[in-house]
Amino acid sequence: MKRMHRWRVEPSELIESTEELCNPGRGWYQIHTFETRTCRTPEEMRSSLHEKDALVLLLIRIPVGGESLKGEELDWICSILRTFSEAGKDMLLRFVYDLEGKGLENEPDRFAIVERHFQQLSELMGTQSQHIFVYQGILVGSWGEMHTSRYLSARYLSRLASIFREGTGGRIYHSVRKPVQWRQLFGWEDWERAAKTAKTGLYNDGILASETDLGTFGCQSREEAGWEQPWFPQEELDFEQRLCRYAPQGGEVVYGEMTEKMPLGQIAGRLSRMNLSYLNRDHDQRVFEIWKKLRWDKEDAWQGMNGFDYIGRHLGYRFVVRRAELRPKRKEMKLQLEIENIGFARMYEEAELLLEYEDLDGNTKLQRMETDVRNWNPGERVCLSQSLISGAGKYFLSMRRCHDGRTVYFANRQGEKGRLLLGEVILC
């Protein structure tokens, strides 16, 4: 009598990991500042990088002297971008006229020169778009932070933003300093529809320094202020929470009146509400020393972790596989997955979710799962199902960013070279 084979599934125990993950487009960054008169070799630049950071912020000062940037000046900028891209870093980029807090003194005296410079720089960025995650600011203002400039009216902002989109082909995220500046660019009518396509987010270099984040927010209600003036913090945070579903936000925390008032749970809640993807790891150290003394007190995998590490590991997206159920049938295998994003923000770049089957001889087959990871909201779980060819062997899950194939790691302990073991099917 012919023996009937049966399948037996040994599921993987999916344990949440609290380790730092070096995933693209999120996390800590350090600032690297360049001026045309400075000369640093590629080796010097690479040696200054923090090994575990996926991001860097490049602050590049350009000369004001000419109507146009010279060829050698553009080549110098390209060499800087090339060095950091070869080091495997995603770039946050800010071109500036001023590094001294003297925006009015150091920017050109005619807007036509600003236009020409920004057109050249935008076209240059378009050639490097694969490696530039976010361009911050609009070139003008003290430290490029969109204040203390004669060129920050809605008319000037709109023109420069248009130059950026044309030069880069809309392939790079852009961010402005304040929510009110975003509204000045895109108006009131159907603003959320504009947010879905504009690829323009925010950068906040005054996070938690004061009730208004150093003037990022205002002191009037939305009804009183209208669309082109800043609102009360809570109303602006509501606006940011909706806006930054579609484009990233990052910046710096600053020591101030709020620093010692907020418990860790409240801080994390605020940063989550901002959909915060990245922070400067060097500024402000006074804040970080306070965070390191705080402890996460909820009864979960993170209980007892200090605030600095807890916040750093939740910047951006963080995907945890909560459930993986394999159901073998005669000719196919049915997979049920449940994945939670426990980070502060979404993943903003396209990525592939891949199911890998490894048979008893070590041969592998890859199958793409149909989902758009850019829609995985923070604090929510997504349920997925997939049919696949069944067989004895192991089943793994992996993810990779589409434009460069870079691995995106899951926050589970069972990871193996970027693959997460979901379970094993044994032929009895």
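When reading the values below, keep in mind they use all heavy atoms of this one structure, side chains included, and skip hydrogens, waters and symmetry mates. Counting begins at 1 with the first residue of the sequence.
Between the side chains of Gln234 and Arg273, at least one donor-acceptor pair of N or O atoms lies under 3.5 Å. For Thr127 and Glu123, the side-chain atoms include no donor-acceptor pair closer than 3.5 Å. If you check the side chains of Gln184 and Trp227, you find no donor sitting under 3.5 Å from an acceptor. A donor atom on one side chain and an acceptor atom on the other are not found under 3.5 Å apart for Ser85 and Gln128.
We find the OG1-CG distance between Thr18 and Asp309 to be 9.0 Å, quoted to the nearest 0.5 Å. One finds the CD atom of Gln119 at 8.5 Å from the CD atom of Glu115 (value rounded to the nearest 0.5 Å). One distance of note links CG of Leu160 with CG of Leu157; it measures 7.0 Å at 0.5 Å rounding. Note that CG of Leu69 and CG of Asp75 are 11.5 Å apart. Values are rounded to the nearest 0.5 Å.
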Salt bridge (Lys or Arg N to Asp or Glu O under 4.0 Å) assessment of Glu358 paired with Lys394
CA-CA 5 Å; Glu358 182 180 290; Lys394 296 179 179 179; 5.2 Å; no
Under the criterion ring pair (Phe, Tyr, Trp, His ring centres under 6.0 Å), I'd like the reasoning laid out for Trp376 against Phe319: C-alpha separation, chi angles, the key distance, then a yes or no.
CA-CA 9 Å; Trp376 294 5; Phe319 301 140; 4.9 Å; yes
Take Lys365 and Gln367, measure what side chain to side chain contact (heavy atoms under 4.5 Å, CB included) needs, and give me the verdict at the end.
CA-CA 7 Å; Lys365 291 183 180 179; Gln367 187 172 339; over 6 Å; no
Does Phe133 form a side chain to side chain contact (heavy atoms under 4.5 Å, CB included) with Leu93? I'd like the steps, not just the answer.
CA-CA 8 Å; Phe133 180 41; Leu93 187 57; over 6 Å; no
Show your reasoning for whether side chain to side chain contact (heavy atoms under 4.5 Å, CB included) applies to Tyr173 and Tyr348.
CA-CA 9 Å; Tyr173 281 104; Tyr348 296 99; 3.6 Å; yes
For Leu294 and Asn306, what are the C-alpha separation, side-chain angles and deciding distance, and is it a side chain to side chain contact (heavy atoms under 4.5 Å, CB included)?
CA-CA 5 Å; Leu294 302 176; Asn306 74 75; over 6 Å; no
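Ile311 has its side chain within reach of Phe344: a pair of non-hydrogen atoms, C-beta onward, lies under 4.5 Å apart. Looking at Tyr246 and Glu192, their side chains come closer than 4.5 Å, going by heavy atoms from C-beta outward. With a 4.5 Å cut-off on side-chain heavy atoms, Arg26 and Tyr278 do not count as touching. Within the 4.5 Å cutoff, the side chain of Gln241 has heavy atoms near those of the Asn275 side chain. In this structure, the side chains of Val254 and Leu214 come closer than 4.5 Å at one or more pairs of heavy atoms. Proximity of Arg313 to Met305: side-chain heavy atoms (C-beta onward) are separated by under 4.5 Å at one or more points. Within the 4.5 Å cutoff, side-chain heavy atoms of Met369 are placed close to those of Leu397. For the pair Trp291 and Val253, the minimum side-chain heavy-atom distance is below 4.5 Å.
Closest approach of Leu185 to Ala161, counting heavy atoms only: CD2-CB, 3.8 Å. Arg61 and Glu35 get closest at one heavy-atom pair: NH1-OE1, 3.3 Å. Nearest heavy atom pair, residue Ser175 against residue Tyr203, reads OG-CD2, 3.4 Å. In terms of heavy atoms, Asn341 sits closest to Arg346 at ND2-CA, 4.1 Å. Closest non-hydrogen pair, Arg116 versus Ser68, comes out as NE-OG, 3.3 Å. In terms of heavy atoms, Ala351 sits closest to Met399 at CB-CG, 3.9 Å.
Looking at His174, its side chain does come within 3.5 Å of a backbone N or O of Gly137 through a donor-acceptor pair. When atom types are taken as modelled, the side chain of Asp53 and the backbone of Leu55 share no donor-acceptor pair closer than 3.5 angstrom. Within the 3.5 Å criterion, the main-chain N or O of Phe164 finds a donor-acceptor partner in the side chain of Thr168. When atom types are taken as modelled, the side chain of Asp361 and the backbone of Asn363 share no donor-acceptor pair closer than 3.5 angstrom. Between the side chain of Arg171 and the main chain of Gly126, a donor-acceptor pair closer than 3.5 Å is present. Not one N or O on the side chain of Glu252 forms a donor-acceptor pair closer than 3.5 Å with the backbone of Gly206. Proximity of a side-chain donor or acceptor of Ser149 to a complementary backbone N or O of Tyr151 within less than 3.5 Å is detected. Judged by distance alone, with hydrogens and angles left aside, the side-chain atoms of Glu338 form no donor-acceptor pair with the main-chain N or O of Arg323 at under 3.5 Å. Using modelled atom types, no side-chain atom of Ser272 and backbone atom of Arg270 make a donor-acceptor pair closer than 3.5 Å. In this structure a side-chain-to-backbone donor-acceptor pair under 3.5 Å is present from Ser12 to Leu421.
Residues Glu289 and Lys292 are paired through a salt bridge, judged by an N-O separation under 4.0 Å between the basic side chain and the carboxylate. A salt bridge links Asp284 with Arg286: at least one charged nitrogen is closer than 4.0 Å to a carboxylate oxygen. A salt bridge links Asp205 with Arg94: the closest approach of a Lys/Arg side-chain nitrogen to an acidic carboxylate oxygen falls below 4.0 angstrom. Under a 4.0 Å N-O distance rule, the pair Arg8/Glu10 qualifies as a salt bridge. We find that Arg322 and Glu340 are joined by a salt bridge, their nearest charged nitrogen and carboxylate oxygen being less than 4.0 Å apart. Ion pairing of Arg419 with Glu356 is present here, as a side-chain N (NZ or NE/NH1/NH2) and a carboxylate O approach within less than 4.0 Å. Comment: Asp297 does not engage Arg295 in a salt bridge, judged by the lack of any side-chain N to carboxylate O separation of less than 4.0 angstrom.
Under the side-chain contact (heavy atoms from CB on, under 4.5 Å) criterion, Leu354 pairs with Glu352, Leu366, Arg368, Ser398, Arg400, not counting sequence neighbours.
Within a 6.0 Å radius of CD in Glu72, other residues, nucleotides and ligands contribute more than 12 heavy atoms. Heavy atoms of other residues, nucleotides or ligands lying less than 6.0 angstrom from NZ of Lys199 number more than 12. Within a 6.0 Å radius of NZ in Lys52, no more than 12 heavy atoms belonging to other residues, nucleotides or ligands are found. More than 12 heavy atoms of other residues, nucleotides or ligands shown are found within 6.0 angstrom of CD on Glu20.
Here the two rings, on Tyr310 and Trp302, have centers that are under 6.0 Å apart.
Pro24 pairs in a side-chain contact (heavy atoms from CB on, under 4.5 Å) with only one of the listed residues (Thr407, Asp404, Asp90), which is Asp90. Just one residue in the list Tyr135, Tyr156, Phe95, Tyr97 forms a ring pair (Phe, Tyr, Trp, His ring centres under 6.0 Å) with Phe118, and that residue is Tyr135. Each of Glu236, Lys178, Arg177 was evaluated against Thr216; a single residue qualifies, Arg177, per the side chain to side chain donor-acceptor pair (under 3.5 Å) test.
Aromatic ring orientation, His32 versus Phe34: parallel (interplanar angle below 30°, classes split at 30° and 60°).
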